Protein chains: 6
Amino acid sequence: MSRIAVFPGSFDPFTNGHYDVVQRGLKIFDEVIIGLGINPNKTRYFDSKLMEEKIVEAFKGNSKVSVKTYSGLTAEFARENQAKYILRGLRNTTDFEYENTISQINRDLFEGLETVFLITSPEYAAVSSSVIREVHKFGKSPDKYLPYKL
Amino acid sequence: MSRIAVFPGSFDPFTNGHYDVVQRGLKIFDEVIIGLGINPNKTRYFDSKLMEEKIVEAFKGNSKVSVKTYSGLTAEFARENQAKYILRGLRNTTDFEYENTISQINRDLFEGLETVFLITSPEYAAVSSSVIREVHKFGKSPDKYLPYKL
Amino acid sequence: MSRIAVFPGSFDPFTNGHYDVVQRGLKIFDEVIIGLGINPNKTRYFDSKLMEEKIVEAFKGNSKVSVKTYSGLTAEFARENQAKYILRGLRNTTDFEYENTISQINRDLFEGLETVFLITSPEYAAVSSSVIREVHKFGKSPDKYLPYKL
Amino acid sequence: MSRIAVFPGSFDPFTNGHYDVVQRGLKIFDEVIIGLGINPNKTRYFDSKLMEEKIVEAFKGNSKVSVKTYSGLTAEFARENQAKYILRGLRNTTDFEYENTISQINRDLFEGLETVFLITSPEYAAVSSSVIREVHKFGKSPDKYLPYKL
Amino acid sequence: MSRIAVFPGSFDPFTNGHYDVVQRGLKIFDEVIIGLGINPNKTRYFDSKLMEEKIVEAFKGNSKVSVKTYSGLTAEFARENQAKYILRGLRNTTDFEYENTISQINRDLFEGLETVFLITSPEYAAVSSSVIREVHKFGKSPDKYLPYKL
Amino acid sequence: MSRIAVFPGSFDPFTNGHYDVVQRGLKIFDEVIIGLGINPNKTRYFDSKLMEEKIVEAFKGNSKVSVKTYSGLTAEFARENQAKYILRGLRNTTDFEYENTISQINRDLFEGLETVFLITSPEYAAVSSSVIREVHKFGKSPDKYLPYKL
């Protein structure tokens, strides 16, 4: 039986740190579905359609990775995609405390849905989407933090 | 002399974790006044009137617990209610850093107002109001995390 | 009924930070029993007999505070002294993570034994017994960090 | 190809928290080898032979779990057992900071050796081997924290 | 060559904690330029013009300290002012995790731009701008937390 | 006037992470004195004489860096060397909580002795002396983590 994991996030934008977690996740799972979460109440900086294309481009040629947008509960998205696992990266203790809450609830609501964590590689741990938006907004290129060209 | 504590929060919604802290707080204090804080600049998800009713329902028959709404400084609310203590639960290090700041100021501004902490029971530590709102918004029942039925 | 709390520690030495927590604890409890824990497998720097005397001296005239030495489980010590509460100070997140573990077990082993936390006042939060031992060992006086003279 | 993970630790003793991580790890891996690490410079409280027997007993009938003792580097132990993964549980931020260091080095020294983390279930997060030793040393039974009888 | 540092922040308001970091920073740097960052998308509580005046007032007579407003990247602001250093205070672990991200990016984007940290003095570590706004909003004077009169 | 900083540690061994902090510290200070602290009660893994030689070798040709061994208080060592600054690296929140305590005491005991922090570069943040000892003890070369050959 195939091991399918979803890798959820708002990916505004998708960074080298995210890319690293997906690549390493492929050593554990047979398939990783990147779930680009759309929150209607939150304004994005990078358009979700554009981002979806960029992620597709970043993983071109890798049939084990796909991208889908979703709105709603991540756990629901996992179930709809027959995924028994949520893949997440941990950069620091703030991430840990946040994920601790979310993952327990997900396991609880959807029996057995396991969140599997990788610690972000040190060279990417300082890269956050919010900082990249800041850099981009003020006219600097953030390309060195991204697995594609903007 | 009676030991009165206030237990302040936005309670959007009031959870089993909050309920646990109040129940355990009653072993320390003679009376616990739940202070449902109203912030005019912040939109609630659950109506404050409804939430007040639900909290009353959860503690029905327990004369040592009451609920009041307030807007303004928590320390002021404590003083108006002759409370010398603020009761708070700590779930994790993020909570700790936040409470550290608030409690020092409260003690400073209102001489001797003490904030007394209990560590949230492990089975409730992962329950956060924001996750429950999320669950509810997408049509799942969060009743198992609440000391009343929605 | 009298609210009795134990305030356990190795107190090697007892500091102004400890003193502050006991004094503030007296606003919550009717009686605080300072429990100087003796661990036969661990070498102390300050003699436990001396430390006991110094703590007695620091609280002289305050009939609500007493000092006892004990070896064994803290929870057992609490029970032997009819204490339903353990009083503890929290200085930082490292303390929090440690106490989180201990307090859950104590509550679990001795039904209803509650650990009540105060956050150490900022001016004392940087004072640790280990740093004071260091200072003393190299011939500097640590008296300004202690509620008694060495 | 079979996905083999090692689950290393000193297991002094092996707790319900460890048991939980192994059971959940089996949803991800085809085989989990529990590695009981022997450190000649550190005195154990529970005999390693006894502990090995107890772990075997806890997983009796489960052919996907085995136990081995080892001394040396964990990464070396993983390699000798054809394991491409190290499985670890995270209870809190202190664990996270520790594992962050170790896992990066392991990945670095043994190219591609991935450490996969699960967050310990909340009901077990407060259980630590050191607290259990304390409880046992003073004559209380820690059986409720263990997946076997001592 | 003169060592110039910028001390950036939104300073809404500038507190005794900020003042303390600048004063101590002057022992390290020859000149500290306080950069009051203006974010057009974020509503301030205290007017930026007023705040600039108050900061000037607080450092009156000290020719090594100046104040400038800026919008844009902090690193850009540093470069425009020939500053090779960013000065920042750390109050707690939440601050640390945040600064960890920002400082790595700044060093990366502007080769060699170093962020130099001082740990906030304990008596000021609990003072946060957001708590002061709260206090002020409800009609209490926050003057004791500020190096000037409002 | 010359800005002199001490960079204290047990350096068992001195790592690339330490080297990085010293190099970056030289942008702030005119001179950095590496203080290899000798604790008579603690057994070293790497001989202190050897380590001193290796550090000298690592900074050969750089007249702004020197190495000295010392036992006693770090603050005393700073004073003896006319250093007004202690330079320290921060890798994570555990480091932060530890340094928070130490630096306040140092500033307190030796009026005005400032501890200046740099956040360790991400590529070195996972390198700890204790892990390197482990790696070396089991016969692996830790040279890639060191600014010299062992």
Side-chain angles (χ1 to χ4, degrees), chain A residues 1-7 17 20-32 64 75 78-79 82-126, chain D residues 1-7 17 20-32 64 75 78-79 82-126:
Chain A
M1 202 197 63
S2 183
R3 279 172 181 88
I4 304 171
V6 295
F7 180 62
D20 168 62
V21 172
V22 171
Q23 289 290 9
R24 290 161 57 203
L26 287 174
K27 299 193 219 160
I28 307 164
F29 302 108
D30 300 306
E31 191 184 335
V32 173
K64 293 164 144 192
R79 197 160 55 175
Q82 278 77 49
K84 295 227 171 69
Y85 313 94
I86 295 176
L87 172 65
R88 294 290 283 162
L90 294 172
R91 287 170 304 169
N92 54 36
T93 61
T94 307
D95 275 8
F96 174 80
E97 295 291 32
Y98 176 77
E99 297 290 342
N100 191 6
T101 301
I102 304 293
S103 68
Q104 308 288 9
I105 297 273
N106 277 333
R107 193 148 65 90
D108 199 22
L109 281 180
F110 295 77
E111 204 174 324
L113 181 62
E114 282 292 345
T115 306
V116 173
F117 296 97
L118 298 177
I119 295 185
T120 308
S121 301
E123 58 271 36
Y124 305 126
Chain D
M1 203 196 63
S2 182
R3 282 173 178 86
I4 305 172
V6 295
F7 180 63
D20 168 63
V21 172
V22 172
Q23 289 290 9
R24 290 162 55 204
L26 287 174
K27 298 191 221 162
I28 307 163
F29 302 108
D30 300 307
E31 192 185 332
V32 173
K64 294 164 142 192
R79 196 160 57 176
Q82 279 77 49
K84 294 225 171 69
Y85 313 95
I86 295 177
L87 172 66
R88 294 290 283 165
L90 293 172
R91 287 171 303 169
N92 54 37
T93 61
T94 307
D95 274 9
F96 174 79
E97 295 291 32
Y98 176 77
E99 297 290 342
N100 192 6
T101 301
I102 304 293
S103 67
Q104 309 287 10
I105 296 273
N106 277 334
R107 195 146 66 90
D108 199 23
L109 281 180
F110 294 77
E111 204 173 324
L113 181 63
E114 281 291 346
T115 306
V116 173
F117 297 97
L118 298 178
I119 295 186
T120 310
S121 302
E123 59 269 37
Y124 304 126

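Every value quoted in this text rests on a predicted model; they were computed, and no experiment measured them. Chain letters run A, B, ... following the sequence lines, proteins first and then strands; every chain starts at 1.
No side-chain heavy atom of A:Ile28 sits under 4.5 Å from any side-chain heavy atom of A:Arg3.
The two atoms that bring A:Pro122 and D:Gln104 nearest to each other are CD-OE1, 3.0 Å, heavy atoms only. In plain terms, the two heavy atoms of D:Ala83 and D:Val6 that are nearest each other are CB-CG1, 3.7 Å.
Taking non-hydrogen atoms and a 4.5 Å limit, the residue list of residues 87-97 of chain A in contact with chain D, ordered by number, reads A:Leu90, A:Arg91, A:Asn92, A:Thr93, A:Phe96, A:Glu97. Of residues 111-118 of chain A, those residues lying under 4.5 Å from chain D by any heavy-atom pair are A:Gly112, A:Glu114, A:Thr115, A:Val116, A:Phe117, A:Leu118.
Judged purely by atom type and a 3.5 angstrom limit, D:Tyr124 has no side-chain atom pairing as donor or acceptor with the backbone of D:Val21.
Here the CD1 atom belonging to D:Ile105 is positioned 10.5 Å from the CG atom belonging to D:Asn100, to the nearest 0.5 angstrom. Annotation: the span from A:Phe29 atom CZ to A:Ser2 atom OG amounts to 11.0 Å, rounded to 0.5 Å. Between the CZ atom of A:Arg24 and the CG atom of A:Leu26 there is a distance of 11.5 Å, given to the nearest 0.5 Å. Considering CD1 of A:Ile4 and NZ of A:Lys84, their distance stands at 8.5 Å, rounded to 0.5 Å.
More than 12 heavy atoms of other residues, nucleotides or ligands sit less than 6.0 Å from atom CZ of D:Phe110.
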